[in-house]
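Sequential numbering from 1 along the given sequence is applied to the chain's residues.
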Amino acid sequence: QVQLVESGGGLVAPGESLRLSCAASGIVFSFRAMGWYRQVPGKERELVARIFADRTTNYADSVKGRFTISRDNAKNTVYLQMSSLRPEDTAVYYCNALPNYWGQGTQVTVSS
């Protein structure tokens, strides 16, 4: 059974940083492309960042230069380091493992 468990969300002020973690089980983690998505009410879930097995990454234009995705295969964990956070980054952030495995989501709120 595949499980993805996110942690690290919370409330931060604009300009601050936050790191999300996603611990995976039930998959051969090192072979999987892993990603972070986010969703706000009334909008579609959107890709934030993805990291492939060879550690190639891609990012949404809105987070390039501010967010960094990384993985620790020894810990079966993928991270999303978020810096210079903006109010528009407020969303529920979901961990994803291809093809279609999802975590429960973690809320990130950026507000003064």
Side-chain angles (χ1 to χ4, degrees):
Q1 183 179 355
V2 178
Q3 278 195 312
L4 302 176
V5 180
E6 300 104 333
S7 60
L11 171 63
V12 296
E16 293 187 342
S17 299
L18 207 57
R19 188 177 81 157
L20 305 182
S21 300
C22 171
S25 60
I27 57 174
V28 182
F29 180 82
S30 60
F31 293 163
R32 292 275 180 168
M34 301 294 297
W36 287 97
Y37 287 69
R38 66 187 181 188
Q39 188 170 26
V40 297
K43 291 193 174 182
E44 289 189 1
R45 196 171 293 187
E46 63 172 0
L47 176 66
V48 175
R50 183 170 300 284
I51 185 166
F52 295 89
D54 64 358
R55 300 182 187 272
T56 301
T57 59
N58 53 46
Y59 296 91
D61 287 343
S62 59
V63 306
K64 281 181 182 176
R66 299 189 299 122
F67 290 11
T68 302
I69 189 170
S70 61
R71 64 192 300 157
D72 185 337
N73 289 340
K75 295 182 178 179
N76 285 5
T77 300
V78 61
Y79 304 97
L80 185 67
Q81 178 68 47
M82 304 184 292
S83 303
S84 302
L85 281 161
R86 304 167 180 169
E88 53 264 40
D89 295 317
T90 296
V92 178
Y93 284 71
Y94 295 91
C95 180
N96 168 263
L98 291 181
N100 197 32
Y101 300 110
W102 296 93
Q104 80 287 354
T106 185
Q107 177 71 47
V108 172
T109 303
V110 184
S111 175
S112 55

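Put simply, the side chain of E46 never gets that close to the backbone of R38: no donor and acceptor are under 3.5 Å apart. Side-chain atoms of Q1 do not come within 3.5 Å of backbone N or O of G26 as any donor-acceptor pair. Of the possible donor and acceptor atoms, none in the side chain of R45 sits under 3.5 Å from a partner among the backbone N and O of Q39. In this structure, T106 contributes its side chain and G9 its backbone to a donor-acceptor pair below 3.5 Å.
Taking 4.5 Å as the limit, every side-chain heavy atom of T57 sits out of range of all side-chain heavy atoms of F52. Contact check for P99 versus R32: side-chain heavy atoms found under the 4.5 Å cut-off. Two residues are said to be in side-chain contact when any heavy atoms from C-beta on lie closer than 4.5 Å; E88 and V40 fail this criterion. The shortest distance between side-chain heavy atoms of P87 and S111 does not fall below 4.5 Å.
For the atom pair CG (N96) and CD (E6), the distance works out to 10.0 Å, reported to the nearest 0.5 Å. Between the OG atom of S83 and the CZ atom of R66 there is a distance of 9.0 Å, given to the nearest 0.5 Å.
The two atoms that bring A53 and S30 nearest to each other are CB-O, 3.4 Å, heavy atoms only. Here the closest heavy-atom approach between residue V92 and residue Q107 is recorded as CG2-OE1, 3.2 Å.
Pairs engaging residues 71-86 under the salt bridge (charged side-chain N to carboxylate O under 4.0 Å, His left out) rule: none recorded [sequence neighbours left out].
Among residues two or more places apart in sequence or in another chain, the side-chain hydrogen bond (donor to acceptor under 3.5 Å, both in side chains) test is passed with Y94 by none. The salt bridge (charged side-chain N to carboxylate O under 4.0 Å, His left out) search around K64 returns D61, not counting sequence neighbours.
In this structure, Y79 shares a hydrophobic cluster with no other residue, the cluster being traced through Ile, Leu, Val, Met, Phe, Trp and Tyr side chains under 4.5 angstrom apart. In the hydrophobic clustering, where aliphatic and aromatic side chains (Ile, Leu, Val, Met, Phe, Trp, Tyr) are joined below 4.5 Å either directly or transitively, V28 groups with F31. L20 forms part of a hydrophobic cluster together with V2, L4, V12, L18, I27, F29, M34, W36, V48, I51, Y59, V63, F67, I69, V78, L80, M82, L85, Y93, Y101, V108, V110, judged by ILVMFWY side-chain heavy-atom separations under 4.5 Å.
In terms of hydrophobic clustering, with Ile, Leu, Val, Met, Phe, Trp and Tyr side chains grouped at heavy-atom distances under 4.5 Å, L98 and W102 are assigned to different clusters.
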